[in-house]
Enquirer: 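To start, I am sharing the structure in question, which I have written as structure tokens.
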Amino acid sequence: MPARKPAPTIHLRRLATELRRLRENAGLTREEVVERTGINNATLYRIEVARVRPQPRTLMTLLNTYGVADDEREEFTTLLKDAAKRGPLHALAARLPETYASYIEFETEACAVRNYESAFVPGLLQTADYARAVVQGVLPGARPDDVDDRVQARVRRQAVLNGDAPLRFWGIVDEAALRRPVGGAGVMRAQLRHLAEVARRPNVSLQVVPFGAGAHPGLPGSFVLMSFPEGVGSAVVYLDGQAGDMFLEEEADVSRYTLVFEHLRAAALDPADSARLIAEAADGT
């Protein structure tokens, strides 16, 4: 079985998105660009969906065609150079599903993450035993090696919460995630205690939406909002569901999920009361 091509980096995805936007703003179809430049139609398509990294001369040809001024080109050449860089988990990510591998690349580059979870503890806050129970429960047909890869990836991802410039993480979970005994009582108790401990970090905020809140905007499903440093790109939304994983990058989608997160913050207990509820759940497990 041939090795799968590594997932695109965030820089390559950003370059692809910007090139597609430039073409559309210029009022050109792909066919018209092909006619004007001689670039193969399949190649142009693959560039615009981040399947391939364009050659420097191809990038310059496209920027010329779209009328990009000389003083605006540095951003694109920087994105092209950075597109070849892989994150620290790229070797492991290459063995994971493509969209999840892309998510790991995005998360590594992010400066802030807002994560709402309706059924499970957020991945960045999971213990290894809890993560294994989640993967085995959600993917009952997964091979042992695949389970190991996913658990390893989930644990190694948590390095972004440490270091000199750690990720700013704001998690909101439904109380159901605290009450569901994933992996059994012992695993769940250890997970809840870990959750209480990590929530005390200065770069981590954690809130719980209690059962008493009734219906709330998070009931349709979990989501992740990722923000990036200036120059890396605008925020994206990541959705993980039965129909598959996907990224939403349109400004309207990001704004919509940002508003949902703000409503969830209002519906949730404050961090101090959330910590007390987590401790209560741990004692009752």
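All of these numbers come straight from a predicted model, not from anything done at the bench.
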Enquirer: Would you name the heavy atoms of Arg53 and Leu80 that are closest together and state the gap between them?
Expert: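 Smallest interatomic distance, heavy atoms only, reads CG-CD1, 3.5 Å.
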
Enquirer: According to a 4.5 Å side-chain heavy-atom criterion applied to Ile, Leu, Val, Met, Phe, Trp and Tyr, with indirect links allowed, do Leu225 and Val260 form part of one hydrophobic cluster?
Expert: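 Shared cluster, yes.
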
Enquirer: Apply salt bridge (Lys or Arg N to Asp or Glu O under 4.0 Å) to Asp146 and list each qualifying residue two or more places apart in sequence or on a separate chain.
Expert: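 Testing Asp146 for salt bridge (Lys or Arg N to Asp or Glu O under 4.0 Å), a comparison that skips the adjacent residues, returns Arg143.
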
Enquirer: Under a 4.0 Å threshold between the charged nitrogen and the carboxylate oxygen, would Glu32 count as salt-bridged to Arg23?
Expert: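 Salt bridge between Arg23 and Glu32, a charged N being under 4.0 Å from a carboxylate O: no.
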
Enquirer: For Leu264 and Gly218, work out which heavy atoms get closest and say how close.
Expert: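 What the structure gives for the nearest pair is CD2-N, 3.5 Å.
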
Enquirer: Residues two or more places apart in sequence or in another chain: which of them pass salt bridge (Lys or Arg N to Asp or Glu O under 4.0 Å) with Asp253?
Expert: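 Salt bridge (Lys or Arg N to Asp or Glu O under 4.0 Å) list for Asp253, sorted by chain: Arg256.
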
Enquirer: If I compare all heavy atoms of Asn40 with all of Val34, which pair ends up nearest, and what's the gap?
Expert: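 Taking Asn40 first and Val34 second, the nearest heavy atoms are C-CG2, 4.3 Å.
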
Enquirer: Does Ile104 share a hydrophobic cluster with Leu139, counting links as ILVMFWY side-chain heavy atoms below 4.5 Å and allowing steps through other members?
Expert: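 Both belong to a single hydrophobic cluster.
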
Enquirer: Only counting residues at least two apart or in another chain, list the ones meeting ring-ring contact (aromatic ring centres under 6.0 Å, His included) with Phe120.
Expert: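 By the ring-ring contact (aromatic ring centres under 6.0 Å, His included) rule, Phe120 matches no residue at all.
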
Enquirer: I need the full list of salt bridge (charged side-chain N to carboxylate O under 4.0 Å, His left out) pairs touching residues 174-191, with sequence neighbours left out, sorted by first then second residue.
Expert: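 Sorted pair list: Glu175-Arg179, Arg179-Glu280.
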
Enquirer: Are Trp170 and Leu167 co-members of a hydrophobic cluster defined by side-chain heavy atoms under 4.5 Å apart?
Expert: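 Result: no, two separate clusters.
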
Enquirer: Determine which pairs satisfy side-chain hydrogen bond (donor to acceptor under 3.5 Å, both in side chains) with at least one residue from residues 56-66, sequence neighbours left out, and list them in order.
Expert: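 For residues 56-66, and leaving out neighbouring residues, the side-chain hydrogen bond (donor to acceptor under 3.5 Å, both in side chains) pairs sorted by first residue read Asn64-Arg73.
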
Enquirer: Who pairs with Arg21 by salt bridge (Lys or Arg N to Asp or Glu O under 4.0 Å), at least two apart in sequence or on another chain?
Expert: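 Counting only residues at least two positions away or on another chain, Arg21 forms a salt bridge (Lys or Arg N to Asp or Glu O under 4.0 Å) with Glu18.
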
